[in-house]
> 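My structure is below; once you've seen it, I'll send some questions.
Lettering of chains follows the sequences in order, A, B, ..., and the numbering in each one begins at 1. Computed from a predicted model, the values in this text were never measured in an experiment. Atom set for the values below is all heavy atoms of this structure, side chains included, hydrogens, waters and symmetry mates excluded.
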Number of protein chains: 2
Amino acid sequence: MPPSVWLRPERAAVGRPARRSRAEITAAAVAVADRDGAEAVSMRRVAAELGTGAGTLYRYVETRDELLDLMADHVAGEYAFAAPTGDWLDDLVDVGLQARGIHRRHPWLAERVLTAPGTGPHGADLVEHHLAVLADHPADDAAKLVALGVLSALVATFARAEHAGRDLERNAEYMAHVAAAGTHPHISALDAPPPDPAHDPLPGVLRGVLTGLLPTGSGS
Amino acid sequence: MPPSVWLRPERAAVGRPARRSRAEITAAAVAVADRDGAEAVSMRRVAAELGTGAGTLYRYVETRDELLDLMADHVAGEYAFAAPTGDWLDDLVDVGLQARGIHRRHPWLAERVLTAPGTGPHGADLVEHHLAVLADHPADDAAKLVALGVLSALVATFARAEHAGRDLERNAEYMAHVAAAGTHPHISALDAPPPDPAHDPLPGVLRGVLTGLLPTGSGS
DNA sequence: CTCCTTCGGGATCATCGTTCGCGAACGATG
DNA sequence: CATCGTTCGCGAACGATGATCCCGAAGGAG
């Protein structure tokens with residue numbers, strides 16, 4: 001029922017002016033998340049970061065989830081879009097690599113991007129750039145938007161895998177158990193060469209997925 | 001530190017036997033989630049479903065997150081794998097469509113799949129089937145596993161979009177605002193033909209992504 | 001200077017995940 | 001059949017969370 005955060009006016013027109021701003025609160029929340037992880041972003045913790053009370057935050061934000069949306073769009077402002085080069089594949093791979101950079105700077109973002117589409121002003125800039133890059137591409141608009149969604153989800157998945165740590169260990173432990181059990185012959189036959197840290201798989205994967213998703217006659 | 005849920009023995013060898021089982025609790029949790037959504041899966045609620053106390057569940061499960069892992073693997077048991085047909089693309093698309101069916105039956109799964117890789121026994125079956133389908137494919141093992149990860153993330157993303165409801169409305173509202181504002185010319189130029197309900201975009205997307213991700217000489 | 005609206009923030013509520021302690025229940029042992 | 005060691009069931013309790021509410025304070029408009 002209530003409109004999106006970005007359509008609701010930030011400050012009241014009359015009365016006592018607010019001491020803080022939505023952006024200030026968002027920045028504080030991002031700082032907390034960067035420092036102590038996503039689960040540390042509680043209203044009390046963010047309020048403490050600002051030296052105020054927890055209830056005060058609800059003057060700026062309707063709900064905690066809304067604050068998380070604001071955070072996601074805030075860091076989406078870190079994209080630095082260059083003018084399209086004419087090679088849409090290169091340009092979209094660049095978007096993907098920039099996205100990974102953002103994810104590396106803000107590890108808490110991965111869960112959020114995957115959970116909520118959360119498109120604010122900076123998200124709109126991303127969509128605009130994406131469509132500009134693909135302006136001459138023959139695919140229809142729906143396919144282009146799907147491609148952006150897949151691109152985002154894919155990068156987020158890779159980013160999450162990068163800082164999974166504990167979970168990955170336990171998963172590998174269980175898979176080793178399954179392999180040793182003898183059932184699941186194909187899993188047992190897996191050979192895991194030590195991953196080459198010098199080789200970055202993301203660009204290749206992005207190229208593959210994007211060319212598969214946006215076929216064209218006039219090549220890259 | 002503690003091993004995975006699936007490596008920890010379920011019941012103690014000696015002493016008073018447990019009245020319930022891990023599977024029973026998992027099934028109850030799935031029932032609650034299917035009926036009232038993911039956020040309704042609290043220890044107290046699941047315990048009430050079983051007619052017991054909240055603290056009791058901790059005899060079977062180390063933490064709430066572990067219970068969610070069990071739930072995810074539980075519904076992964078709904079896959080019905082057929083023998084590989086010889087056409088790996090068709091077989092993998094079939095896996096994707098089955099996955100969407102599971103997501104439609106259990107809307108809470110989308111967030112979970114994207115959040116945690118959670119691979120249990122049924123997850124291992126899925127990996128095994130995937131590798132069996134791709135047994136004759138020239139790609140190396142790492143690429144095949146990446147393809148499965150992308151496939152899962154992609155289907156989950158589509159599934160989440162299907163039952164997004166509220167969020168999608170607000171997002172569309174904001175995008176309409178941006179389009180009307182006049183900045184972002186490519187967004188303003190978007191034309192949205194009414195989506196054709198008879199056309200299912202998922203198979204085509206999966207084909208595109210998979211062919212892009214797993215290139216081969218001897219085609220589908 | 002006054003008034004009206006908004007802000008600030010502490011108290012408060014319901015709920016959550018989790019821990020703890022204790023009495024009861026069960027299998028093994030003699 | 002009696003005893004013993006161990007585990008289970010469960011309710012109370014703890015700390016923390018998201019959210020609401022109220023009231024005194026503060027600032028701009030007239």
Side-chain angles (χ1 to χ4, degrees), chain A residues 1-2 5 8-26 28-29 32-33 35-72 108 111-112 115-116 166, chain B residues 1-2 5 8-26 28-29 32-33 35-72 108 111-112 115-116 166:
Chain A
M1 302 285 283
V5 206
R8 184 148 31 84
E10 169 157 16
R11 319 171 87 107
V14 296
R16 174 181 174 182
R19 199 179 311 181
R20 283 163 269 267
S21 71
R22 223 177 252 174
E24 208 171 335
I25 287 172
T26 304
V32 169
R35 197 178 329 122
D36 298 330
E39 74 283 358
V41 181
S42 69
M43 302 306 264
R44 285 168 175 79
R45 186 92 174 64
V46 174
E49 182 86 4
L50 290 159
T52 180
T56 303
L57 299 187
Y58 288 91
R59 295 275 177 194
Y60 301 85
V61 152
E62 200 120 281
T63 181
R64 184 186 116 100
D65 223 60
E66 215 172 73
L67 177 56
L68 295 178
D69 284 346
L70 288 172
M71 291 170 62
W108 48 268
E111 290 184 22
R112 194 64 197 167
T115 295
R166 235 70 70 218
Chain B
M1 303 264 278
V5 207
R8 184 151 29 84
E10 168 157 19
R11 319 173 88 105
V14 298
R16 173 181 174 181
R19 199 180 310 185
R20 284 165 266 266
S21 71
R22 225 178 250 173
E24 208 171 333
I25 287 171
T26 303
V32 169
R35 197 180 327 124
D36 298 331
E39 74 285 357
V41 181
S42 70
M43 302 306 263
R44 286 170 174 79
R45 186 91 175 65
V46 173
E49 182 87 3
L50 290 158
T52 181
T56 303
L57 300 187
Y58 287 90
R59 296 276 178 193
Y60 300 85
V61 153
E62 202 121 280
T63 180
R64 183 186 117 101
D65 223 60
E66 214 172 74
L67 178 56
L68 295 178
D69 283 346
L70 289 172
M71 290 169 64
W108 47 268
E111 289 184 23
R112 193 65 196 167
T115 295
R166 236 71 69 219

> Tell me which nucleotide, if any, is Watson-Crick or G-U wobble paired with C:dT6 when both distances must be under 3.5 Å.
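Looking at the geometry, C:dT6 pairs with D:dA25.
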
> A:L50 has an atom CG; how far is it from atom P of C:dG9, in whole Å?
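Distance check: A:L50 CG to C:dG9 P gives 10 Å.
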
> Of A:A40 and A:R59, whose nearest nucleotide on DNA chain D comes first from the 5' end?
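Its nucleotide being nearer the 5' end, the pick is A:A40.
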
> Side chain of B:T63 only, heavy atoms from C-beta on: which candidate in C:dG17, C:dT18, C:dG9 is closest?
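Of C:dG17, C:dT18, C:dG9, C:dT18 is nearest to the side chain of B:T63.
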
> Could you state the OH-P distance from A:Y58 to D:dG18, rounded to the nearest angstrom?
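Taking atom P of D:dG18 as the reference, OH of A:Y58 is at 6 Å.
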
> With the side chain of A:R44 defined as its heavy atoms from C-beta on, choose the nearest nucleotide among C:dG8, D:dA19, C:dG17.
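Ranking C:dG8, D:dA19, C:dG17 by closest atom to the A:R44 side chain puts D:dA19 first.
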
> Would you say D:dT17 has OP1 or OP2 under 4.0 Å from some side-chain N or O of A:S42?
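Checking A:S42 against D:dT17: at least one side-chain N or O falls below 4.0 Å of OP1 or OP2.
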
> Between C:dT18 atom C1' and B:L68 atom CG, what is the distance in whole Å?
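Whole-Å distance recorded here is 15 Å.
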
> Between B:V61 and B:T26, is any pair of side-chain heavy atoms under 4.5 Å apart?
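A side-chain contact is absent here, since even the closest heavy-atom pair is not under 4.5 Å.
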
> Just how far, in rounded Å, is P of D:dG18 from CD of A:E66?
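So the CD-P distance, A:E66 to D:dG18, works out to 15 Å.
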
> With a 3.5 angstrom cut-off on both distances, give the Watson-Crick or G-U wobble partner of C:dT15, or none if there isn't one.
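For C:dT15, the partner nucleotide comes out as D:dA16, under the 3.5 Å rule.
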
> Contact between B:V41 and B:M71 at the side-chain level, heavy atoms closer than 4.5 Å - yes or no?
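Of all side-chain heavy-atom pairs linking B:M71 with B:V41, at least one is under 4.5 Å.
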
> Could you tell me whether the side chain of A:E10 and the main chain of A:R22 form a donor-acceptor pair under 3.5 Å?
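Answer holds: yes.
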
> Separation of A:R64 atom CZ from D:dT17 atom C1', in whole Å?
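Rounded to the whole Å, the gap is 9 Å.
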
> Can you measure B:L67 atom CG to C:dT18 atom P for me and round it to whole angstrom units?
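So the two atoms are 10 Å apart, to the nearest Å.
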
> Grab the CD-P distance between B:E24 and D:dG9 for me, whole Å please.
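Atom CD in B:E24 sits about 10 Å away from atom P in D:dG9.
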
> Nearest to the side chain of B:R20, which nucleotide is it out of D:dG9, C:dG17, D:dG18?
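Among D:dG9, C:dG17, D:dG18, the one nearest the side chain of B:R20 is D:dG9.
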
> Answer whether the closest heavy-atom distance between the side chains of A:D65 and A:R112 falls below 4.5 Å.
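A:D65 vs A:R112: side chains touch.
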
> B:T52 vs B:R19, test: side-chain contact (heavy atoms from CB on, under 4.5 Å). Steps then yes/no.
CA-CA 11 Å; B:T52 181; B:R19 199 180 310 185; over 6 Å; no

> Could you check A:R45 against A:G55 and say which one's nearest nucleotide on DNA chain D is further toward the 5' end?
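Per heavy-atom nearest nucleotide, the more 5' residue is A:R45.
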
> OP1 or OP2 of C:dG8 sitting under 4.0 Å from any side-chain N/O of A:T52?
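No, A:T52 has no side-chain N/O under 4.0 Å of OP1/OP2 on C:dG8.
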
> Nearest whole Å is fine: how far is D:dA26 C1' from A:R19 CZ?
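My rounded result for the distance is 9 Å.
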
> Give A:V46 one of three labels, base, sugar-phosphate or nothing, depending on what nucleic acid heavy atoms sit under 4.0 Å from its own.
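No contact at all - A:V46 keeps every heavy atom at 4.0 Å or more from the nucleic acid.
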
